[in-house]
Amino acid sequence: MRPFRRALVSLVAVASALALQFGQSPAHVAPSNKHLRWILNGPALASFTSDPVALRFFADAGPFVLQRNGAAITIPPAWKSLPIRSFTNYAAMARAFATGAIGPEVRGILYDSEVWDFTPEDEQRRVADYTKKAADLVHSHGLVFLTAPAVNLVRKLDPSQAQAGAKRYDGYVKARLAADSARYADVFVIQAQGSEADLAKYRSFVSAAAHQAREAKPNIIVLAGISTNPGGQKVNANIILAAIEGTRGSVDGYWFNVPAPGKYCPRCSEFRPDMALDVIRRLGR
């Protein structure tokens with residue numbers, strides 16, 4: 001990399017970090033509603049961009065906005081959003097950069113590795129190695145790097161911790177997945193949504209993973225996953241709001257998953273943008 005390019009990348013990285021941190025210090029301070037950070041994606045965006053309360057709620061919030069499959073949803077300029085792209089494997093990410101498929105409007109890249117058909121077996125077993133490779137690639141292009149390793153990766157990292165049910169979250173912490181991934185990232189996402197119906201488990205897991213991530217990288221932005229249909233589980237707006245209220249002192253914001261049944265969520269049973277909108281309206285009030 002030429003010296004000028006290296007200096008430019010460094011400046012971009014510093015500017016991005018400052019914009020993301022909102023003055024956050026290593027001694028984490030719970031954010032207000034206005035300063036919560038968000039990842040928003042999918043068809044539910046249409047509900048948020050057409051509702052007056054949601055429009056005000058996300059104004060100046062700088063949400064990361066992920067639009068897959070060329071979805072043409074206009075994001076209000078007042079949101080000051082950061083467009084991001086998501087990849088489930090390193091090869092696809094590298095190919096997109098090599099072929100110029102990452103447009104100039106993109107500000108960040110999300111690496112979503114999980115035990116599923118979309119992430120190769122080698123990446124599932126070598127999460128830290130591939131997270132570093134992905135981070136180095138993204139940072140070399142001056143973009144923000146977000147990573148969201150799934151809880152089910154524990155099955156590959158430490159088979160002895162692969163118990164079903166709530167204990168898999170303990171296995172995630174024991175395997176130090178948060179620390180091993182967060183040290184390379186600008187934004188770390190705890191995919192905790194599968195535990196949100198059990199508030200005590202959700203709160204404990206998010207707190208432990210967030211602490212581990214910040215030990216590895218003190219000023220990292222930490223988000224937690226929430227969902228209207230986590231892995232096909234039935235939840236409601238009260239459960240989601242309780243999860244937020246129970247963890248907002250531990251994290252900087254949330255990835256609000258509003259899934260629809262499909263290849264990326266085969267166990268999902270319903271698409272509930274109305275539930276998501278109810279959550280945002282109540283937070284907005």
Side-chain angles (χ1 to χ4, degrees), residues 1 5-22 24 26 37-41 62-68 80-114 118-120 122-124 126-150 153 176-192 209-210 212-225 251-257:
M1 186 183 295
R5 173 63 176 166
R6 188 179 299 111
L8 179 60
V9 169
S10 178
L11 286 171
V12 170
V14 170
S16 297
L18 289 174
L20 291 171
Q21 295 297 341
F22 281 109
Q24 178 186 340
R37 298 305 301 264
W38 299 88
I39 297 177
L40 306 174
N41 64 282
F64 300 98
V65 175
L66 171 62
Q67 294 179 256
R68 291 190 176 98
K80 299 180 181 177
S81 62
L82 285 82
I84 63 174
R85 287 276 308 275
S86 176
F87 293 91
T88 58
N89 64 82
Y90 177 78
M93 185 190 303
R95 186 164 55 249
F97 276 113
T99 60
I102 306 296
E105 76 284 355
V106 175
R107 299 283 301 281
I109 299 295
L110 171 66
Y111 180 43
D112 181 9
S113 58
E114 309 193 21
F118 310 107
T119 303
D122 190 42
E123 290 186 46
Q124 295 173 20
R126 297 170 55 203
V127 178
D129 292 343
Y130 276 96
T131 301
K132 184 180 186 304
K133 287 181 66 174
D136 289 345
L137 175 63
V138 171
H139 287 151
S140 73
H141 289 270
L143 302 181
V144 174
F145 180 65
L146 307 87
T147 188
L153 287 166
R176 296 193 59 77
L177 189 53
D180 289 344
S181 298
R183 69 179 76 256
Y184 305 115
D186 304 302
V187 180
F188 179 71
V189 183
I190 307 165
Q191 290 214 41
Q212 196 176 97
R214 291 197 179 96
E215 277 190 325
K217 190 170 185 179
N219 285 329
I220 194 168
I221 295 294
V222 179
L223 308 180
V251 297
D252 302 291
Y254 298 88
W255 181 357
F256 205 159
N257 292 274

What closest approach, in Å, do [X] and [Y] show between heavy atoms, and which atom pair accounts for it?
X: S181; Y: V127; result: OG-CG1, 3.7 Å
X: F87; Y: A96; result: CZ-CB, 3.6 Å
X: R176; Y: E215; result: NH2-OE1, 4.3 Å
X: A178; Y: A209; result: CB-O, 3.5 Å
X: S81; Y: V65; result: CB-CG2, 3.6 Å
X: T119; Y: Q124; result: O-NE2, 2.6 Å

Roughly how far, to the nearest 0.5 Å, is the [atom2] atom of [Y] from the [atom1] atom of [X]?
X: I102; Y: R95; atom1: CD1; atom2: CZ; value: 11.0 Å
X: N41; Y: L66; atom1: CG; atom2: CG; value: 5.0 Å
X: H139; Y: I109; atom1: NE2; atom2: CD1; value: 11.0 Å
X: I39; Y: N257; atom1: CD1; atom2: CG; value: 8.5 Å

Would you say [X] and [Y] make side-chain contact, with heavy atoms under 4.5 Å?
X: S113; Y: L153; answer: yes
X: F188; Y: P149; answer: yes
X: D186; Y: T147; answer: no
X: F64; Y: L40; answer: no
X: R214; Y: I220; answer: yes

Is it true that a side-chain atom of [X] and a backbone atom of [Y] form a donor plus acceptor pair closer than 3.5 Å?
X: Q212; Y: A179; result: yes
X: R37; Y: G62; result: yes
X: E123; Y: N89; result: no
X: T88; Y: F118; result: yes
X: D252; Y: V222; result: yes

Lys/Arg N to Asp/Glu carboxylate O, D180 vs R126, below 4.0 Å: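 Looking at D180 and R126, the cut-off is not met.
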Sidechain N-carboxylate O distance under 4.0 Å for K133, D129: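 No.
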Chi angles and distances behind the side-chain contact (heavy atoms from CB on, under 4.5 Å) call for W255, W38: CA-CA 6 Å; W255 181 357; W38 299 88; over 6 Å; no
Q191-D112 side chain donor-acceptor pair, cut-off 3.5 Å: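 Looking only at side-chain atoms, D112 and Q191 do form a donor-acceptor pair, the distance falling under 3.5 Å.
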Neighbour count >12 (heavy atoms, 6.0 Å) for atom NZ, K217: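 More than 12 within 6.0 Å, yes.
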Residues K132, D136; criterion side-chain contact (heavy atoms from CB on, under 4.5 Å); working and verdict: CA-CA 6 Å; K132 184 180 186 304; D136 289 345; 2.9 Å; yes
Verdict with reasoning, T131 to Y184, per side-chain contact (heavy atoms from CB on, under 4.5 Å): CA-CA 7 Å; T131 301; Y184 305 115; 4.1 Å; yes
Candidate pair V106 and I84, rule side-chain contact (heavy atoms from CB on, under 4.5 Å), full reasoning: CA-CA 5 Å; V106 175; I84 63 174; 5.5 Å; no
Identified side-chain contact (heavy atoms from CB on, under 4.5 Å) counterpart of L137 within the set Y90, F145, Y111: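 When Y90, F145, Y111 are each tested with L137, the side-chain contact (heavy atoms from CB on, under 4.5 Å) holds only for Y90.
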